[in-house]
Number of protein chains: 2
Amino acid sequence: MSLSLRQQKALQTKQRIVAAALDLFSKKGFDHVTVDEIVQVSNTSKGAFYVHFNSKYEIFLEKFKEIDEFYENFTETLPKEMSSYEKILLLTKSQMIYLKDCLGIDLIRTVYMSALIPNQPKFLSNTDRTLFKIVHSFVYEGQDNGEFKKYLSSQEITMLITRCMRGTLYDWALFGEEFDLVEESQKFIRTILSGMLTKVDN
Amino acid sequence: MSLSLRQQKALQTKQRIVAAALDLFSKKGFDHVTVDEIVQVSNTSKGAFYVHFNSKYEIFLEKFKEIDEFYENFTETLPKEMSSYEKILLLTKSQMIYLKDCLGIDLIRTVYMSALIPNQPKFLSNTDRTLFKIVHSFVYEGQDNGEFKKYLSSQEITMLITRCMRGTLYDWALFGEEFDLVEESQKFIRTILSGMLTKVDN
DNA sequence: GAATTTCACAGACTATAGTCTGTAATTTAT
DNA sequence: ATAAATTACAGACTATAGTCTGTGAAATTC
């Protein structure tokens, strides 16, 4: 069923708010943009803003959710013949490049900050669930074909790998732009995985 | 030189504020305590509060910094005959027990949140921290005596190990009390270190 | 198609972290 | 000892995220 007139208008309002907000955020940085400014630029109101978003953070959180599309696209275009180890490394690299170039450090910082506010909808844990599933499929496969050790369960290993990613992203937000996100994440994941390989290669 | 009368009074005021604040935080949680409430209970004022602290967060941050005393005490009571691997594992375990039992999840959550606010005094990301120095000394020793591989520098390894700690603490703050901080941190550090050992043992 | 209900929105209002200015007590200078 | 300077503090003020209430247009009910 298509949208009613009222729903169409509401959607347009929401889109105007998002467009104005993201534009302002990119120009001035999240912390230097006020909600009043956003509603003024988008010709809306506080009332409208908080109908569509529960907080100022949610604008960024909504943008952050788009990463699920990236994950889907990634799995579709992944060569079958890669080892599980290589798949996890490539996923990490592609993901970090995406986060750095498409979303940016200010968004990640904001998402990682807001995730620690109590009673906030758990976006980070939710979107990370998609990531968790993908990583888990690689880990499971790797244990199944004897590439990885089995002294930890596939769930436990997956948790550790995604924790490496969160830890690296947190450090990126913490140390700032001079931190090489792609390089650091590769180094970290390579190291943690090397302890799990059955075959020693260096 | 000892404190002047004015400095003595100022110190007393600061201590009254800290005592009142920590008491209120532990009873109601950081987010449900206002600065107005703190200054009322401590019989001081906003002016006094912001002379002694740059933000509400800084009360917790100051408490958090006490961990350096814990680290110093730890190194003093550490048996010499342990391997570097065991030292790092024990440090992690003791540290996490300290954080869990003496500081608590609300404090860690607050510190990890506030560290991401721009222009905030950088304690977590300060690589001169006692924690970095201690871990680095163990790593250096371990590389020196042939226990650890040398394909990464001691600084890089130290950074990865402390990143594991930060990642685990972030996850604790994120997932809450049901997350077993001590167990999870041991699992994580054991795994990352196993990839660095020259001698394979399982 | 008139009456009722819903809801997207406007904008006034509230809560609270943090700032600013004046002051009195202490410290320093002369 | 007196004058000048400093500073810890009090409390009014500001900035801003988020809430609350009223309204008119759209949707639904009869």
Side-chain angles (χ1 to χ4, degrees), chain A residues 1-21 24-25 28-62 109-111 113-121, chain B residues 1-21 24-25 28-62 109-111 113-121:
Chain A
M1 167 201 153
S2 83
L3 296 176
S4 72
L5 176 58
R6 187 142 73 177
Q7 287 172 317
Q8 282 175 39
K9 282 187 179 177
L11 188 61
Q12 280 175 14
T13 304
K14 183 171 182 177
Q15 285 167 342
R16 277 216 314 286
I17 292 173
V18 169
L24 287 166
F25 291 167
K28 309 171 64 175
F30 183 85
D31 291 320
H32 297 106
V33 175
T34 67
V35 175
D36 281 307
E37 204 177 350
I38 294 168
V39 303
Q40 190 199 323
V41 169
S42 61
N43 277 306
T44 56
S45 68
K46 272 279 181 70
F49 188 96
Y50 284 98
V51 162
H52 294 292
F53 305 96
N54 291 312
S55 74
K56 186 180 156 191
Y57 298 117
E58 271 199 14
I59 301 245
F60 259 169
L61 289 172
E62 197 141 310
R109 187 183 61 76
T110 305
V111 169
M113 256 192 60
S114 69
L116 296 186
I117 299 171
N119 311 324
Q120 212 73 7
Chain B
M1 167 201 151
S2 84
L3 296 176
S4 72
L5 174 59
R6 185 140 73 178
Q7 287 172 318
Q8 283 175 39
K9 281 187 180 177
L11 188 61
Q12 280 176 14
T13 303
K14 183 171 181 176
Q15 285 167 344
R16 277 216 315 286
I17 292 173
V18 168
L24 286 166
F25 290 166
K28 310 170 66 175
F30 183 84
D31 292 319
H32 297 106
V33 176
T34 67
V35 175
D36 282 307
E37 203 176 351
I38 294 168
V39 303
Q40 190 199 322
V41 169
S42 60
N43 277 305
T44 56
S45 67
K46 273 276 180 73
F49 187 97
Y50 283 98
V51 161
H52 294 292
F53 304 97
N54 291 311
S55 73
K56 186 180 156 191
Y57 298 117
E58 271 198 15
I59 300 243
F60 258 169
L61 193 61
E62 198 144 308
R109 186 184 60 77
T110 305
V111 169
M113 253 193 62
S114 68
L116 297 187
I117 300 172
N119 311 324
Q120 214 72 9

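Computed from a prediction, not measured in an experiment: that's the story for all the values here. Chain identifiers are assigned alphabetically (A, B, ...) following the order of the sequence lines, protein sequences preceding nucleic acid strands; residue numbering begins at 1 within each chain.
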Whole-Å distance separating the CD1 atom of Ile38(A) from the P atom of dC9(C): 16 Å
Value in whole Å for how far the P atom of dC9(C) lies from CD of Gln8(A): 13 Å
Length of the line joining Phe53(B):CZ and dC9(D):P, which is rounded to integer Å: 11 Å
Min side-chain heavy-atom separation Phe25(B)-Lys56(B) under 4.5 Å: yes
Base-contact (B) and sugar-phosphate-only (S) positions in nucleotides 12-20 of chain D, heavy-atom cut-off under 4.0 Å, - elsewhere: B---SBBB-
Atom-pair distance (NZ on Lys9(B); P on dC9(D)), nearest Å: 9 Å
Minimal non-hydrogen separation, Phe53(B) against Glu62(B), with atom names: CE2-OE1, 3.9 Å
Derivation of the side-chain contact (heavy atoms from CB on, under 4.5 Å) call for Val39(A) and Ile17(A): CA-CA 7 Å; Val39(A) 303; Ile17(A) 292 173; 5.7 Å; no
d(CD, Gln7(B); P, dT7(D)) in whole Å: 10 Å
Interatomic distance, Asp31(B) atom CG to Asn119(A) atom CG [nearest 0.5 angstrom]: 8.5 Å
Residues in side-chain contact (heavy atoms from CB on, under 4.5 Å) contact with Ile117(B), at least two apart in sequence or another chain: Met113(A), Tyr57(B), Ser114(B), Gln120(B)
Comparing Thr13(B) and Arg6(B) on DNA chain D - which has the more 5′ nearest nucleotide: Arg6(B)
Nearest-Å distance for atom pair NZ/P, residues Lys14(B) and dC9(D): 11 Å
Pairing residues for Asp36(A) by the side-chain contact (heavy atoms from CB on, under 4.5 Å) criterion, not counting sequence neighbours: Thr34(A), Lys46(A)
Closest to the Ala48(B) side chain, choosing from dC9(C), dT26(C), dA10(D): dA10(D)
Phosphate OP1/OP2 of dA27(D) contacted by Ser4(A) side-chain N/O (<4.0 Å): yes
